[in-house]
Amino acid sequence: MLLASSFGILAILLLFNFMAKSRPSLSGGAGQILAEANINTGRQFEIDLAKAVSVIWMILVHVDEECYKNIDFAPGLETWINLLIEFVGGPLAAPVFMLAMGIGLAYSKNQAPRANAARGVKLVGQGYLLNIARGTIPCFVFALLYNSKNLQYQGIEELLCLDILHFAGLTFVFFAIVKHFRLNDILIALIALAMLVVGSYLTPHPNMELISVWPGYFAYQNSLTPFPLLVWLIYPVTGYLFGKVLLRVADKKRFYSRLLAGGTVLCPCIAALLVWRGYALPGLFVDDAMYGQNTIKVFWILSIAAIWCGLLYFVSLALGRIKPVTRLVAFMSKKINAIFITQWILIGWMTWGNFFKCDVYGGKFLLFFAAITILTVVLVYLEGRLAAWRQNRK
């Protein structure tokens, strides 16, 4: 079953490559979707929207998991609400973010291997700086205030945790290597697929927390290593191939209609296959099950992402007419890393400071989520204005 689903993903990747290599003409008859040359070379609003929404879902699930453990909206609704939060904060968050990152790699004007490698190293460094700012420092500060040795140990764990910025850095290094050796798209897809299949078979070591961090760069081990390269690289590689197709799309409505239709057909079929194989669908996007990916899970999440991206395109047609919305979406897309870092620092200090001892009920939870999101965007905006002011003073 694992190999069968692997061939399914390979078919999708090869389809992207075929679409990018085909030679339809814009004027060669009605119904052509792709142009011969790249025509969508600027910012694509639907992709900016996907990135902006993905980081909002990340904030939502982080607030849920880190700050509040019991959200009571109404009797009988708790489980459904929490599952909804985990769903939008799972398949619609990190995977979509990674797909968009791959699209960005396809659109990048600087494809030089050295530039990609330098950016990758910078992202890994930012990942460790974020660990220190959101976890290590507050843990040590509150360990002194509360006289807690446990918080001191957790501070070390927080330092070594491998989050999405570390994964993004390794992804850029991977693309630096394949660009250096001038590998074609099919070979890149095959390498990513082979890594996924290998990673799917590797056994995690949940009890070897600190020791497992280093192999956790590549294979899932435990909660300290949520985004290992082997099983998550398929998302930015798929996004990269998708982006190369999107560059040439002449009829976006038909293109995204087909993407939406394809995802709509595939998703329930793969879901049925998962159930037949003994998986509980709600558990696939909760905690360790979400991070410990395997081939068939990835295939299912890609089908969900296809539906989501198709829907976002049609939403973008309406939102694109509203200038304040387009400016906000473009800003959040450009500053997505800064927004991700800022929200984690805010949530980290509030969590380790033990400011949320009591269960918080539905309305307060939503207000707090909205407050954290707005505060994060405002802080990132003010930081940008301050940086521009300093630059103008030089």
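Worth knowing before you read on, the calculation uses all heavy atoms, side chains too, and leaves out hydrogens, waters and symmetry mates. This structure is a prediction, so every number in the text was calculated from the model and none was measured.
Contact of the Trp232 side chain with the Pro228 side chain is registered, since non-hydrogen atoms from C-beta on lie closer than 4.5 Å. Taking 4.5 Å as the limit, some side-chain heavy atom of Phe45 sits within range of a side-chain heavy atom of Ser316. Looking at heavy atoms from C-beta onward, Tyr240 lies in side-chain contact with Asp185 at the 4.5 angstrom threshold. Proximity of Trp300 to Tyr279: side-chain heavy atoms (C-beta onward) are nowhere separated by under 4.5 Å. A 4.5 Å side-chain heavy-atom check between Thr238 and Leu99 finds at least one atom pair inside the cut-off. Residues Val298 and Leu196 form a side-chain contact, since some pair of their non-hydrogen atoms from C-beta on lies under 4.5 Å apart. Counting heavy atoms from C-beta on, the side chains of Ile39 and Arg248 never come closer than 4.5 Å. Using a 4.5 Å heavy-atom threshold, the side chains of Phe172 and Met101 count as touching.
A distance-only check finds a donor-acceptor pair linking the side chain of Lys297 to the backbone of Gly292 [under 3.5 Å]. No donor-acceptor pair under 3.5 Å is formed between the side chain of Trp57 and the backbone N or O of Ala94. A distance-only check finds no donor-acceptor pair linking the side chain of Gln154 to the backbone of Thr136 [under 3.5 Å]. At distances below 3.5 Å, not a single donor-acceptor pair connects side-chain atoms of Asn116 with backbone N or O atoms of Val173. Between the Gln221 side chain and the Ala219 main chain, a donor and an acceptor come within less than 3.5 Å of each other. Between the side chain of Thr225 and the backbone N or O of Leu162 there is no donor-acceptor pair closer than 3.5 Å. His180 contributes no side-chain N or O that, together with a main-chain N or O of Ala176, makes up a donor-acceptor pair within less than 3.5 Å.
In this structure, CD1 in Ile372 is found 11.5 Å from CH2 in Trp344, a value given to the nearest 0.5 Å. With rounding to the nearest 0.5 Å, the separation of CE in Met290 from CZ in Phe87 is 9.5 Å. The CD1 atom of Ile177 lies 13.5 Å from the NZ atom of Lys179; values are rounded to the nearest 0.5 Å. With rounding to the nearest 0.5 Å, the separation of CZ in Phe175 from OG in Ser108 is 11.0 Å. The distance from atom CG of Leu34 to atom CG of Asp251, rounded to the nearest 0.5 Å, is 10.0 Å. Between the CG atom in Asn337 and the CD1 atom in Ile341 there is a gap of 6.0 Å [rounded to 0.5 Å].
Using the six-membered ring where Trp is involved, Phe340 and Phe97 have ring planes that are parallel, under 30° apart on the 30 and 60° scheme. Classified by interplanar angle (parallel below 30°, tilted 30° to 60°, perpendicular above 60°), the ring pair Trp349/Phe142 is perpendicular. Ring-plane geometry between Tyr381 and Phe331 is classed as perpendicular, the angle between the planes exceeding 60 degrees on a 0 to 90 degree scale with a lower cut at 30.
Hydrophobic clustering places Phe167 together with Leu160 (ILVMFWY residues linked when any side-chain heavy atoms are closer than 4.5 Å, directly or through intermediates). When the side chains of ILVMFWY residues are joined at heavy-atom separations under 4.5 Å, either directly or via intervening members, Val380 and Leu386 end up in two distinct hydrophobic clusters. Follow the hydrophobic side-chain contacts under 4.5 Å out from Leu129 and you never reach Val124; the two are in separate clusters. When hydrophobic clusters are built by joining Ile, Leu, Val, Met, Phe, Trp and Tyr residues whose side-chain heavy atoms come closer than 4.5 Å, directly or via intermediates, Ile296 is grouped together with Val275. Follow the hydrophobic side-chain contacts under 4.5 Å out from Trp389 and you never reach Val378; the two are in separate clusters.
Partners of Tyr313 according to the side-chain hydrogen bond (donor to acceptor under 3.5 Å, both in side chains) rule, which considers only residues two or more places apart in sequence or in another chain, do not exist here.
Between Val237 and Ala189, the shortest heavy-atom distance links the atoms CG1-CA, 4.2 Å. Smallest separation of non-hydrogen atoms from Leu159 and Ile132: CD1-CG1, 3.5 Å. Residues Ala100 and Ile47 share a closest heavy-atom pair of CB-CG2, 4.4 Å. Nearest heavy-atom pair across Cys309 and Leu259 is CB-CD2, 4.2 Å. Summarising the geometry of Gly263 relative to Pro268, their closest heavy-atom pair is O-CD, 4.4 Å, with the distance given to 0.1 Å. Contact record, Val96 with Pro91: CG2-O, 3.6 Å, taken as the closest heavy-atom pair.
Judged purely by distance below 3.5 Å, without hydrogens or angles, the side chains of Gln293 and Tyr235 pair a donor atom with an acceptor atom.
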Note to self: Determine whether Phe314 and Tyr256 satisfy the following criterion, ring-ring contact (aromatic ring centres under 6.0 Å, His included), listing intermediate values before the conclusion.
What the structure shows: CA-CA 8 Å; Phe314 291 101; Tyr256 280 105; 7.4 Å; no
Next item on the list: Decide yes or no on side chain to side chain contact (heavy atoms under 4.5 Å, CB included) for Val53 and Trp308, but give the supporting numbers first.
Entry: CA-CA 11 Å; Val53 175; Trp308 181 242; 3.7 Å; yes
Next item on the list: Might you work through the salt bridge (charged side-chain N to carboxylate O under 4.0 Å, His left out) test for Asp163 and Arg134, ending with a clear yes or no?
Entry: CA-CA 12 Å; Asp163 209 334; Arg134 75 170 177 183; 2.9 Å; yes
Notebook entry, point to check: Can you check side chain to side chain contact (heavy atoms under 4.5 Å, CB included) on Asn131 and Glu158, steps first, answer last?
Noted result: CA-CA 6 Å; Asn131 288 351; Glu158 288 293 312; 5.5 Å; no
Notebook entry, point to check: Stepwise, does the side-chain hydrogen bond (donor to acceptor under 3.5 Å, both in side chains) test hold for Thr376 with Thr342?
Noted result: CA-CA 6 Å; Thr376 297; Thr342 303; over 6 Å; no
Next item on the list: Could you go through the side chain to side chain contact (heavy atoms under 4.5 Å, CB included) check for Tyr107 and Thr41 one step at a time?
Entry: CA-CA 7 Å; Tyr107 269 71; Thr41 55; 5.5 Å; no
Notebook entry, point to check: Between Phe255 and Phe242, is a ring-ring contact (aromatic ring centres under 6.0 Å, His included) present by the stated rule, with each step listed?
Noted result: CA-CA 11 Å; Phe255 177 77; Phe242 180 87; 5.6 Å; yes
Next item on the list: Given side chain to side chain contact (heavy atoms under 4.5 Å, CB included), test Leu170 with Leu123 step by step and report yes or no.
Entry: CA-CA 8 Å; Leu170 291 183; Leu123 283 167; over 6 Å; no
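Annotation for Lys335: atom NZ does not count as buried by contact number, only 12 or fewer foreign heavy atoms lying within 6.0 Å. Counted within 6.0 Å of CG on Asn392, heavy atoms from surrounding residues, nucleotides or ligands total more than 12; the atom is thus considered enclosed.
Screening residues 43-58 for salt bridge (Lys or Arg N to Asp or Glu O under 4.0 Å) gives Arg43-Asp48, Glu46-Lys252 as the qualifying pairs, with residues at least two apart or on separate chains.
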